[in-house]
Amino acid sequence: MSKKLFIETLGCAMNVRDSEHMIAELNAHEGYELTDDATAADLILINTCSVREKPVHKLFSELGVFNKLKKSDAKIGVCGCTASHLGKEIIKRAPYVNFVLGARNVSKITDVLHKDRAVEVDIDYDESQFAFKDFRSSPYKAFINISIGCDKQCTFCIVPKTRGEEVSIPPELIVAEVKKAVDNGAKEVFLLGQNVNNYGRRLANEKVNFTELLRRVSAVEGLERIRFTSPHPLHMDDEFIEEFARNPKICKSMHMPLQSGSTNILKAMKRGYSKEWFLNRAQKLRELVPDVSISTDIIVAFPGESDEDFEDTMDVLNQVRFEQLFSFKYSPRPLTEAEKMEEVDSEVGSDRLDRLQARHDEILDEMKSINLGKMVEVYFEELRSDGYVAGRSDNNLSIKVKGSEEWLGKIAKVKIIEVSRNVQYGEIIA
Ligand code: 5AD
Ligand code: SF4
């Protein structure tokens with residue numbers, strides 16, 4: 001009988017891809033098969049996120065639960081960003097954990113498995129060119145790493161300390177991965193990096209920036225859609241926005257992580273751009289791509305944020321009218337510059353978060369009727385239990401239509417017949 005692997009993945013899309021790599025390596029070299037039943041597993045992995053404090057607290061209570069329910073000889077491994085920054089402390093606090101594997105040490109998964117209490121968390125380790133075995137959780141959409149690590153020093157962010165410095169994966173390896181995914185049936189690729197439009201860092205052979213990489217990837221025959229995350233507003237130069245607008249394979253959905261609308265706070269965050277620069281970039285995008293949908297990340301109550309600073313953030317929200325908002329109350333993180341700064345009162349932070357989200361809901365309600373009756377192209381990826389198939393439009397609207405698995409992996413023209421804040425219903429036209 002094969003050995004069983006249970007894996008829980010928290011955090012961002014990079015973690016999802018790291019989990020796929022671990023699943024592939026464990027399957028190819030150790031014969032593990034996936035299970036969604038932790039009590040039946042021989043190996044339990046938690047791929048953690050450390051971007052905010054809460055999930056880190058949750059980790060230890062979750063580990064306790066897994067330790068109780070697991071088979072007596074099953075192993076537990078903690079992987080990902082929290083593994084990187086807590087390292088051996090995890091085994092101190094939870095001695096039944098068998099190994100700790102950092103976010104930049106994914107390729108060592110089959111080594112740590114056989115070492116008692118191994119801790120591999122070196123953030124200088126370079127596995128950017130490691131030839132991982134193949135596994136993808138979706139046949140329709142392929143996550144493709146284009147770089148590892150991050151060279152920015154945003155003062156709130158722990159990621160440079162968990163994923164190390166930025167190294168770009170050579171363009172020919174990326175294009176080969178894209179071709180392989182397309183040969184295996186994917187029509188869409190999702191290019192991944194902490195800071196994708198800073199692409200080109202530490203490439204040995206040639207100078208290729210992100211815009212050029214997009215051109216090369218889009219030349220792959222049979223590929224229909226390109227998405228990417230996350231770009232940085234600072235690196236959104238004209239050439240990049242123009243390529244985004246002009247290239248028909250690039251999906252018209254852009255993530256622009258604002259973080260704050262106040263130029264003073266952006267300075268304290270070391271984001272490298274001002275409120276005006278951000279507004280100017282968003283305006284250029286809306287001008288060149290009228291259908292674009294813009295999503296953003298916002299942190300409220302960063303240390304030192306005054307009422308006036310927060311009003312600047314509300315002002316940007318009102319001007320850009322983001323189609324999607326991910327918003328967070330500032331959470332102090334170890335190893336960051338902002339950790340030592342004086343915090344904003346917690347209740348003030350909660351009120352600001354409520355106000356921001358309530359205003360964004362109003363904006364969504366004002367905007368949703370614009371989509372009613374629109375024709376969009378939808379790539380169907382998911383079968384829902386209620387007789388619907390679901391997918392996304394080019395500009396990232398989530399769309400459901402009545403239908404069965406025959407639509408999976410197909411792109412169809414859909415007319416939107418019902419709209420709400422987060423999902424639209426449609427009917428297939430062709
Ligand atoms: N506190 C709150 N939110 C944070 N993020 C990153 N670090 C923190 C922090 N210390 C948010 C940012 C980032 C998203 C992935 O998480 O908005 O873009
Ligand atoms: Fe992803 Fe950042 Fe969380 Fe690490 S800390 S899993 S890079 S979101």
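Remember, it's 1-based here, ligands and their atoms both numbered in the order they're listed. What you see is a predicted model; the values in this text were computed from it and never measured.
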Colleague: Heavy-atom distances under 4.0 Å decide this one: backbone, side chain, both or neither, for Phe328 against ligand 1?
Modeller: side chain

Colleague: Counting each atom of ligand 1 from 1 as listed, which ones have a heavy atom of Lys329 under 4.0 Å away?
Modeller: 2 (C)

Colleague: Within 45° of the ring axis of Tyr125 and under 6.0 Å from its six-membered ring centre, is that where the NZ or CZ of Lys108 lies?
Modeller: yes

Colleague: Among Glu20, Lys180, His21, which one satisfies side-chain contact (heavy atoms from CB on, under 4.5 Å) with Asp134?
Modeller: Lys180

Colleague: Closer than 4.0 Å to some heavy atom of Val51 - which atoms of ligand 1 meet that?
Modeller: 6 (C), 7 (N), 8 (C), 9 (C), 10 (N)

Colleague: For ligand 1, which atoms have a heavy atom of Gln259 less than 4.0 angstrom away?
Modeller: 12 (C), 13 (C), 17 (O), 18 (O)

Colleague: Before we go on, tell me: are the rings of Phe380 and Tyr140 under 6.0 Å apart, centre to centre?
Modeller: no

Colleague: Return the option from Ile299, Asp297, Thr155 holding the heavy atom at the smallest distance from atom 4 (C) of ligand 1.
Modeller: Ile299

Colleague: Look at the rings of Phe210 and Phe240 and say which category their plane angle falls in: under 30° parallel, 30 to 60° tilted, over 60° perpendicular.
Modeller: tilted

Colleague: Would Pro332 count as being in polar contact with ligand 1, using the rule that some N or O on each side must be under 3.5 angstrom apart?
Modeller: no

Colleague: Please confirm whether the ring centroid of Tyr273 lies under 6.0 Å from the ring centroid of His232.
Modeller: yes

